[in-house]
Each structure stands twice: as C-alpha cells, then as structure tokens.
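What follows is a set of notes on a single structure, which appears directly below.
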Amino acid sequence: MISILGAGAIGQLLAHKLTDASFECQLIVSDTDKYSSEDWQFCDLDKNISSNQLQSSVYSDTSPLELVFVCVKAPQLQSALDSISHRLGDNSQLVLFQNGMGHEVIAKHFVADQNIFFASNTHGAYRKSSQSLVYAGKGQITVGALTQQSSPQWFNQLAQANTGLAIEWASDIQPILWRKLLINAVINPLTAIHRCKNGELIKEQYQSQLLALIDETRRFAKEMKFGFAEDLKAIILDVIKQTADNYSSMYQDVVAERTTEIDAINGYLLDQMESKQFHAPHHWALWSQFHVQYPPLKRLAE
Ligand code: KPL
C-alpha cells in the first residue's frame with residue numbers, strides 16, 4: 001500500500017495516477033480536513049474530466065504506514081510527520097516531494113537514513129476546488145535516495161507500471177534537487193508576484209526580469225560546477241513552456257493565503273549564494289519584492 005501524505009495538487013495527482021495504474025494507495029489527510037465524498041475529480045491534459053474513488057485515512061488513524069509519499073509543502077513537513085509518527089516503524093520509508101532542499105534534517109527524526117528518499121517533480125497541477133484537480137503540464141519525477149545508490153523494489157514496480165508519470169531513478173539525486181531548486185527559485189516567486197500562469201512569464205512586460213534572473217542563476221550554477229549550468233536557460237524556459245497552463249505551487253499558496261515555500265526555495269538559495277560570496281542582486285531584489293507584496297507578518301497571522 002502506498003500512502004500519500006497531503007491532498008494538495010501533487011498528492012492528488014499521484015493518487016489518481018497510481019489508482020488508475022491499479023496500485024493500492026491512500027491519501028493521508030489531516031483530521032480537520034473535510035471531504036464531502038470519496039469522489040475526486042480529475043481533469044486531464046486534454047481537458048477530459050473523470051472521477052476516481054480515492055481511499056483516504058486521517059493522520060490519527062492507527063494502521064502502520066510502510067511507504068509514504070510525503071506531499072505536504074515544506075513549511076508543513078515537521079508538523080505533518082509529527083502527526084503520523086505513531087504510525088511509522090523501523091521499516092517505514094519516506095519519499096520527500098517538497099520543493100527546496102535540506103528536508104532530510106527533519107525526516108531523520110522519524111525514520112532511519114537508509115529509509116529516506118527524495119522525489120523531484122516537474123509535473124504541473126493545480127486544484128480547482130478541494131477535490132477537483134487539473135493536470136496542467138506533463139513533466140517527470142526523478143527519485144533518489146539519501147544513502148543508497150540502487151533503486152528499491154517499490155521503485156522498480158512503479159517505474160515499470162503504466163502510470164504516465166515518467167518516473168526515473170537517479171543514483172545521485174543531489175544535482176537533480178539543485179536543478180529543481182533553481183527552476184523553482186525563478187518561476188515560483190515571479191508567478192506569485194505577477195499573479196500569472198507559468199506560461200505568461202515570457203510576456204514582454206516580465207521578460208527582462210525573467211532573463212536577468214535566469215542569467216544570474218546560470219552563473220551561480222556554473223560557480224557550483226553543476227553539469228547542467230550551461231543548459232539552465234533552456235531548461236527553465238522549457239519548464240515554463242511545458243507547464244505554461246499551470247499555476248505554480250507558490251502562486252496557489254499566495255492566492256489561498258497559505259504559508260509559501262519561499263524560505264525553503266529562495267531563502268535556501270540566498271543562504272548558499274551568500275556562503276559562496278556570490279553577488280546576486282537580482283535574486284535579492286526578487287526576495288524583497290516578494291516580501292513587500294506578501295509581508296511575513298501577514299503570513300504569520302494566518
Ligand atoms: O514545481 C513547480 C511548482 O509549481 O512548484 C513547477 C514545475 C514550476 C510547476 O509549476
């Protein structure tokens with residue numbers, strides 16, 4: 001049984017795709033979440049609407065959890081894992097889907113190092129309402145482990161199944177997580193600030209800011225000696241194109257007045273830039289612009 005912690009856009013996308021591919025899976029939702037029925041709607045890439053009966057369980061249930069795809073956002077990671085800690089045992093495995101980096105520091109309090117995995121997702125999806133999901137851009141999911149190099153059995157079963165999720169294994173996940181962090185650090189705050197879909201970022205009015213940020217990010221990636229550095233502009237523009245019809249996760253959070261992943265993504269990046277004494281005026285300007293528009297105190301008052 002695959003358990004999916006969090007019924008946000010990516011949690012629901014996984015639940016639909018795994019259910020369609022006949023995997024036994026359940027959504028683990030907070031005790032306070034209210035869902036009207038077991039019927040969950042799905043709008044696919046061709047805008048066809050279907051529905052699935054998705055199994056769910058609340059945090060406080062007692063059945064043990066073996067394989068957990070952790071799909072809550074970075075700011076909720078600690079509290080969500082705290083809420084299910086009574087259901088985790090020595091063999092429980094956590095697959096962390098959060099944007100940003102460094103989340104193993106929290107996961108290590110709950111499971112052994114060899115049971116921690118990371119997933120880097122570039123599929124785009126957003127919720128139209130709590131049980132209605134729009135799949136808005138095909139991407140892929142790359143999975144890797146904190147400690148081991150070879151893929152576990154559950155991964156092999158998933159990768160071989162016809163889920164349509166384009167799942168791959170990476171023996172070294174760190175550069176993949178970095179690449180995703182750098183993509184998110186440009187796209188997510190810009191779409192939140194300009195309140196637009198990913199694809200609108202290439203409009204003339206946003207172009208100079210977008211290109212300056214991409215260039216600064218590319219130079220940082222080069223300084224970090226990432227193999228993908230020279231391709232970063234093409235990579236980011238391609239994600240914008242592939243997910244043009246999507247609302248980024250940060251856009252969705254600011255519109256719903258939820259705490260965003262700005263600290264886990266841009267905060268982490270700026271810390272790394274500072275520790276390498278990398279001059280990043282465009283990223284600092286983006287950080288300020290975001291916080292002027294969405295002041296932390298306002299977000300704390302939620
Ligand atoms: O990861 C994403 C996000 O919104 O967090 C992308 C790939 C940018 C899709 O919107």
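Along the sequence shown, residues carry numbers from 1. Order of listing sets the numbers, starting from 1, for every ligand and every atom in it. The shown structure was predicted, so the numbers you read here are calculated from the model rather than taken from an experiment.
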Does a donor on one side chain and an acceptor on the other come within less than 3.5 Å for Ser63 and Arg87? yes

Single-linkage hydrophobic cluster, 4.5 Å side-chain cutoff, Phe97 and Leu146 together: no

The criterion is ring pair (Phe, Tyr, Trp, His ring centres under 6.0 Å); which residues satisfy it with His283, sequence neighbours excluded? none

Does Asn188 approach ligand 1 within less than 4.0 angstrom via side chain, backbone, both or neither, non-hydrogen atoms only? side chain

for atom 2 (C) of ligand 1, nearest protein heavy atom and its distance come out as Asn184 ND2, 3.4 Å

Backbone, side chain, both or neither: what part of Lys180 comes under 4.0 angstrom of ligand 1, heavy atoms only? side chain

Which of the numbered atoms in ligand 1 are below 4.0 angstrom from a heavy atom of Ser248? 4 (O), 10 (O)

Atom pairs and distances, donor-acceptor, side-chain atoms in residues 21-29, under 3.5 Å, two or more places apart:
| from | atom 1 | to | atom 2 | distance (Å) |
| --- | --- | --- | --- | --- |
| Gln26 | NE2 | Ser3 | OG | 3.0 |

Which residue owns the protein heavy atom closest to atom 4 (O) of ligand 1, what's the atom, and how far is it? Ser249 N, 2.8 Å

Decide whether an N or O pair under 3.5 Å exists between His123 and ligand 1. no

If I apply the N/O under 3.5 Å rule, does Thr243 come out as touching ligand 1? no

Checking Gln293 side chain against Ile193 main chain: does a donor-acceptor pair fall under 3.5 Å? yes

